[in-house]
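Data first, discussion second: the structure below is written as structure tokens.
The shown structure was predicted, so the numbers you read here are calculated from the model rather than taken from an experiment. Here is the naming used below: chain letters follow the sequence lines, and residue numbers restart at 1 for every chain.
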Number of protein chains: 2
Amino acid sequence: MVGRPRSEQARRAILEAALRLCERDGYPNVTLKGIAEEAGTGRQTLYRWWDTKADLLLEAMTDLVESSRAPSQADLETFLRETFALADGAVGRVVAGLMAEAQSDPALAERLRARLIGPRRDALRAVLERMPPPPGADLDLLIDMIFGVMWYRLLNRHAPLDAALAEDITTLVARIGASP
Amino acid sequence: MVGRPRSEQARRAILEAALRLCERDGYPNVTLKGIAEEAGTGRQTLYRWWDTKADLLLEAMTDLVESSRAPSQADLETFLRETFALADGAVGRVVAGLMAEAQSDPALAERLRARLIGPRRDALRAVLERMPPPPGADLDLLIDMIFGVMWYRLLNRHAPLDAALAEDITTLVARIGASP
DNA sequence: TATAATCGAGACACGGTGTCCTGTAAAGTG
DNA sequence: CACTTTACAGGACACCGTGTCTCGATTATA
């Protein structure tokens, strides 16, 4: 086990090419063949390091989300506004594509939960617990309802993910906390 | 414009074959070629009447949902329990597959909203408006949160869609209605 | 220098899609 | 009873993305 080391340059070129193509053509229209050509790399190099297109984009997404990590010390409305702003753009389309693909790939579904969805749930839980006063209701259900709205709108696109939604949700959560 | 009429027998055979294969292999693993073979029909017959696999399954789903239409005169908890029971089985998997495919097919997304999601939203709205007392909060947001949980769990599969969830949501909605 | 793992590049089989064609069957019309 | 029109089952075909394999060249360690 010595050999030539993995080229970090090739890895970055591939991930950046994948993101570029996702923005231009949309996640579902991106192919591994196209990524290799856009990155100027051999196709085998992709298959050596990632199992599928989804696996590759999941790595690109985690890199991107972790780099632009929100302070998370914020209050609920700020947290939601920043989360929705991220989800409303190209990142949201890619993540929606990953969720779509996870419907036919249980292993991807597992990684998606572990690397993206789980951590975001933990972050929202921390924000809710720090609220004055913390809502008395079942926190898990509250998280499901808040992120449920986000995913529902992200996938079904019947309404926007904007600052108004962040405000409305915050108001509603406050009402729940205020009731006996 | 006279000619041989469309074979209702072939139509039913195709839709039933599609549902059978979805239960056996899962929606994403079903192919138009496989459906034609299972139904004992020519492939051109499928392409003549449906544009895509999703289009075909959407028709099968609407047929099925309309045939097993819930009374909808029920209270919120009953309505949710019946809805979740339907979504928790094979129907839910197919619908999740349709939503997944809609991420790469805007026309399908449109039909999905018009034929399945929209009507269910209307039904839930009617139930909420009939509640004593009707929740004062924004009904659209409430619908988004309730069906949001359902879709979130249906797609992400981190928790079940069961009677307990129906009860918890009903309790939470009652608390919202009780607060000023 | 020898070994080992990488790199870009291309060839290949496989499978699903969507179109086209053939011969046959079932309706309406003269 | 012909004639026209459309649907039917079945097969052939090109197209495209996937995933595996091979090749010679490159870049590290021992």
Side-chain angles (χ1 to χ4, degrees), chain A residues 1-18 20-22 24-60 94 97-98 100-108, chain B residues 1-18 20-22 24-60 94 97-98 100-108:
Chain A
M1 6 182 108
V2 277
R4 177 177 178 172
R6 177 176 185 181
S7 163
E8 179 63 21
Q9 183 183 348
R11 176 181 172 274
R12 300 181 69 89
I14 290 170
L15 292 182
E16 287 168 11
R20 200 158 49 240
L21 290 181
C22 276
R24 200 188 67 190
D25 304 330
Y27 172 87
N29 301 105
V30 173
T31 68
L32 288 173
K33 189 182 292 190
I35 295 174
E37 288 170 4
E38 173 81 10
T41 171
R43 259 195 314 146
Q44 190 61 28
T45 303
L46 275 72
Y47 285 104
R48 198 189 329 270
W49 301 110
W50 298 279
D51 287 341
T52 62
K53 173 179 72 162
D55 220 46
L56 197 159
L57 264 304
L58 178 57
E59 181 169 330
V94 174
L98 289 175
E101 204 145 307
Q103 299 307 307
S104 57
D105 183 345
L108 169 63
Chain B
M1 3 185 112
V2 276
R4 178 176 176 173
R6 177 176 185 181
S7 165
E8 180 62 22
Q9 184 183 347
R11 177 181 170 274
R12 301 181 69 89
I14 290 169
L15 292 182
E16 286 167 12
R20 201 157 49 240
L21 290 181
C22 277
R24 201 188 68 190
D25 304 331
Y27 172 87
N29 301 104
V30 173
T31 67
L32 287 173
K33 188 182 292 190
I35 295 174
E37 289 171 2
E38 173 81 8
T41 172
R43 263 200 304 149
Q44 192 61 29
T45 303
L46 274 72
Y47 285 104
R48 197 189 328 270
W49 300 110
W50 297 279
D51 286 340
T52 63
K53 173 179 72 162
D55 220 45
L56 197 158
L57 264 303
L58 177 57
E59 182 168 330
V94 174
L98 289 175
E101 203 144 308
Q103 299 308 306
S104 57
D105 184 343
L108 170 63

When you get a sec, tell me which of [options] is the closest nucleotide to the side chain of [X]?
{"X": "A/A10", "options": "C/dG8, C/dT17, C/dT6", "answer": "C/dG8"}
{"X": "A/R48", "options": "D/dC8, C/dC7, C/dA26", "answer": "C/dC7"}
{"X": "B/V2", "options": "D/dT18, D/dA7, D/dT5", "answer": "D/dT5"}
{"X": "B/L32", "options": "C/dG18, C/dC7, D/dT4", "answer": "C/dG18"}
{"X": "B/T45", "options": "D/dC8, D/dA12, C/dA26", "answer": "D/dC8"}
{"X": "A/T41", "options": "D/dT18, D/dT26, C/dG8", "answer": "C/dG8"}
{"X": "A/T31", "options": "C/dT6, D/dT18, C/dT17", "answer": "D/dT18"}

Measuring only between side-chain heavy atoms, which start at C-beta, is [X] closer than 4.5 Å to [Y]?
{"X": "B/I35", "Y": "B/E38", "value": "no"}
{"X": "B/R11", "Y": "B/I14", "value": "no"}
{"X": "A/L58", "Y": "A/W50", "value": "no"}

Task: Cation-pi geometry met for A/R6 and A/W49 (6.0 Å, 45°) - done: yes
Task: Pairwise 5' ranking along DNA chain D for A/K33 and A/P5, keeping only the more 5' one - done: A/K33
Open item on the list: On DNA chain D, compare the nucleotides closest to B/R11 and A/T52; which residue's is nearer the 5' end?
Closed with: B/R11
Interatomic distance, [X] [atom1] vs [N] [atom2] [rounded to whole Å]:
{"X": "A/Q44", "N": "C/dG8", "atom1": "CD", "atom2": "C1'", "answer": "11 Å"}
{"X": "A/E37", "N": "D/dT18", "atom1": "CD", "atom2": "C1'", "answer": "14 Å"}
{"X": "B/R43", "N": "C/dG15", "atom1": "CZ", "atom2": "C1'", "answer": "11 Å"}
{"X": "B/E8", "N": "D/dT6", "atom1": "CD", "atom2": "P", "answer": "20 Å"}
{"X": "B/Y47", "N": "D/dG11", "atom1": "OH", "atom2": "P", "answer": "16 Å"}
{"X": "A/N29", "N": "D/dT18", "atom1": "CG", "atom2": "P", "answer": "12 Å"}
{"X": "B/R4", "N": "D/dA7", "atom1": "CZ", "atom2": "P", "answer": "10 Å"}
{"X": "B/K53", "N": "C/dG18", "atom1": "NZ", "atom2": "P", "answer": "11 Å"}

Task: Separation of A/L32 CG from A/R43 CZ (nearest 0.5 Å) - done: 8.5 Å
Open item on the list: So, does A/W49 get its side chain near the phosphate of C/dA5, meaning an N or O under 4.0 Å from OP1 or OP2?
Closed with: no
Open item on the list: Let's test your reading of the model: under 3.5 Å, does the base of D/dA7 pair with the side chain of B/R6 as donor and acceptor?
Closed with: no
